[in-house]
2 protein chains.
Amino acid sequence: MTDNPSYKERKVITIGVVSELTGLTERQIRYYEERKLIFPERSPKGNRKYSFGDVEQLLDIANKREEGVQTHEIRQDMLKQQRKEERKNRKELLRGEINARFGIQKD
Amino acid sequence: MTDNPSYKERKVITIGVVSELTGLTERQIRYYEERKLIFPERSPKGNRKYSFGDVEQLLDIANKREEGVQTHEIRQDMLKQQRKEERKNRKELLRGEINARFGIQKD
DNA sequence: CGTGTAAGGAATTCTGACACG
DNA sequence: CGTGTAAGGAATTCTGACACG
């Protein structure tokens with residue numbers, strides 16, 4: 001409540017800083033975007049902006065690449081993981097709705 | 001434990017983004033640094049880098065300035081607040097040391 | 001005091017392409 | 001496939017200074 005807790009997802013970091021933070025070259029970072037592994041926002045004039053979450057994602061990608069995993073495979077894994085999360089979210093949403101109607105009343 | 005919780009203090013944001021985030025001009029942001037109200041880091045080639053914490057600090061400064069508070073007064077208040085925190089920290093540190101010697105043993 | 005602005009230069013970022021493998 | 005690099009241009013940032021008030 002004291003302030004916005006979205007520091008991790010706020011896209012505010014330029015590519016040069018991301019490069020320093022991850023040890024990846026700008027070329028690599030842009031390429032992973034081309035392969036749809038990362039999704040920076042753009043400033044009004046077109047400069048890429050990343051979040052801390054993106055930086056972590058890039059660190060994971062870097063590890064997998066070192067293990068020889070191809071970007072295509074990394075992408076497949078990401079999509080799988082994403083679907084898994086969505087199922088979990090739907091389940092929790094449903095649980096909340098049931099509780100709202102039949103659960104303990106708080107008011 | 002999942003990852004570094006220092007997103008708030010990590011200095012990674014360039015002045016242009018800080019300007020967008022705060023609504024302040026770059027001129028103003030640099031001036032507040034000159035008046036020692038804000039302390040960005042510098043990249044190897046001299047570019048300023050701010051944290052989310054700095055952004056919040058600048059938002060506070062902007063509010064005070066709108067109320068007509070001068071930078072000098074803002075700085076005085078900051079220093080007072082800082083000394084207050086330091087006293088609190090020393091007290092807690094002392095408390096911890098006493099506990100370590102005479103408190104409940106955990107091993 | 002606090003902020004705007006023009007000035008000149010250096011560093012940043014962008015895109016599209018060629019290279020290698 | 002994944003990455004390096006040279007190319008040219010546009011946008012960013014920096015400092016020191018003059019202006020106004």
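The figures that follow rest on heavy atoms only: side chains count, while hydrogens, waters and symmetry mates do not. Each chain gets a letter, A, B and so on, in the order the sequences are listed, and its residues count up from 1.
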Side chain of A:Thr71: nearest nucleotide among D:dT3, C:dG2, D:dG2? D:dG2

Mapping A:Thr14 and A:His72 onto DNA chain D by nearest heavy atom, which one lands closer to the 5' end? A:His72

Taking the side chain as C-beta and beyond, is there a heavy-atom pair between A:Glu56 and A:Lys8 under 4.5 Å? yes

Output yes when at least one side-chain N/O atom of B:Tyr31 is less than 4.0 Å from OP1 or OP2 of C:dT3, else no. no

Exactly one candidate in A:Glu41, A:Glu26, A:Glu33 meets salt bridge (charged side-chain N to carboxylate O under 4.0 Å, His left out) with A:Arg48; the answer is A:Glu33

Are A:Val69 and A:Ile38 connected in a single hydrophobic cluster, I mean Ile/Leu/Val/Met/Phe/Trp/Tyr linked by side-chain heavy atoms less than 4.5 Å apart? yes

Using a 4.0 Å cut-off on protein heavy atoms (strictly under), produce a 5'-to-3' string for nucleotides 14-19 of chain C with B for base contact, S for backbone-only sugar-phosphate contact, and - for none. SB-B--

Contact class for A:Thr25 vs. all strands (heavy atom < 4.0 Å): base, sugar-phosphate, or nothing? sugar-phosphate

Could you tell me which non-hydrogen atom of A:Ser19 sits nearest to which non-hydrogen atom of A:Thr25, and how far apart they are? OG-CA, 4.2 Å

If pairs are Watson-Crick or G-U with both distances under 3.5 Å, what is the dot-bracket string of DNA chain D, marking crossing pairs with [ ] and pairs to another strand with |? .||||.||.|.|.||.||||.

Round to a whole Å and report the spacing from CG of A:Leu37 to P of D:dT3. 10 Å

Name the nucleic acid region contacted by A:Ser43, choosing base, sugar-phosphate or nothing; use a 4.0 angstrom heavy-atom cut-off, strictly under. nothing

When every non-hydrogen atom of A:Thr22 is compared with those of A:Leu59, the smallest separation belongs to CA-CD1, 3.7 Å

What is the distance from CG of B:Leu24 to C1' of C:dG2, rounded to the nearest Å? 12 Å

A:Glu66 atom CD is separated from D:dT3 atom P, nearest whole Å, by 11 Å

Per atom distances to the A:Tyr32 side chain, the nearest of D:dT3, D:dG2, C:dG2 is D:dT3

Round to the nearest Å and state the distance from A:Ile29 atom CD1 to C:dT13 atom C1'. 12 Å

Check the distance between C:dT13's P and A:Ile13's CD1 and give it to me in whole angstrom. 12 Å

Nearest-Å distance for atom pair CG/P, residues A:Leu58 and D:dT3: 12 Å

Any salt bridge between B:Lys64 and B:Glu73, counting N to O under 4.0 Å? no

Spell out, as yes or no, whether a donor-acceptor pair under 3.5 Å connects the side chain of A:Asp54 to the backbone of A:Ser51. yes

Would you name the heavy atoms of B:Leu37 and B:Thr71 that are closest together and state the gap between them? CD2-O, 3.7 Å

Starting from P on D:dG4, measure out to CZ on A:Arg65 and report it in whole angstrom. 11 Å

Which heavy-atom pair separates B:Tyr32 from B:Leu24 by the least distance, and what is that distance? CE1-CD1, 4.1 Å

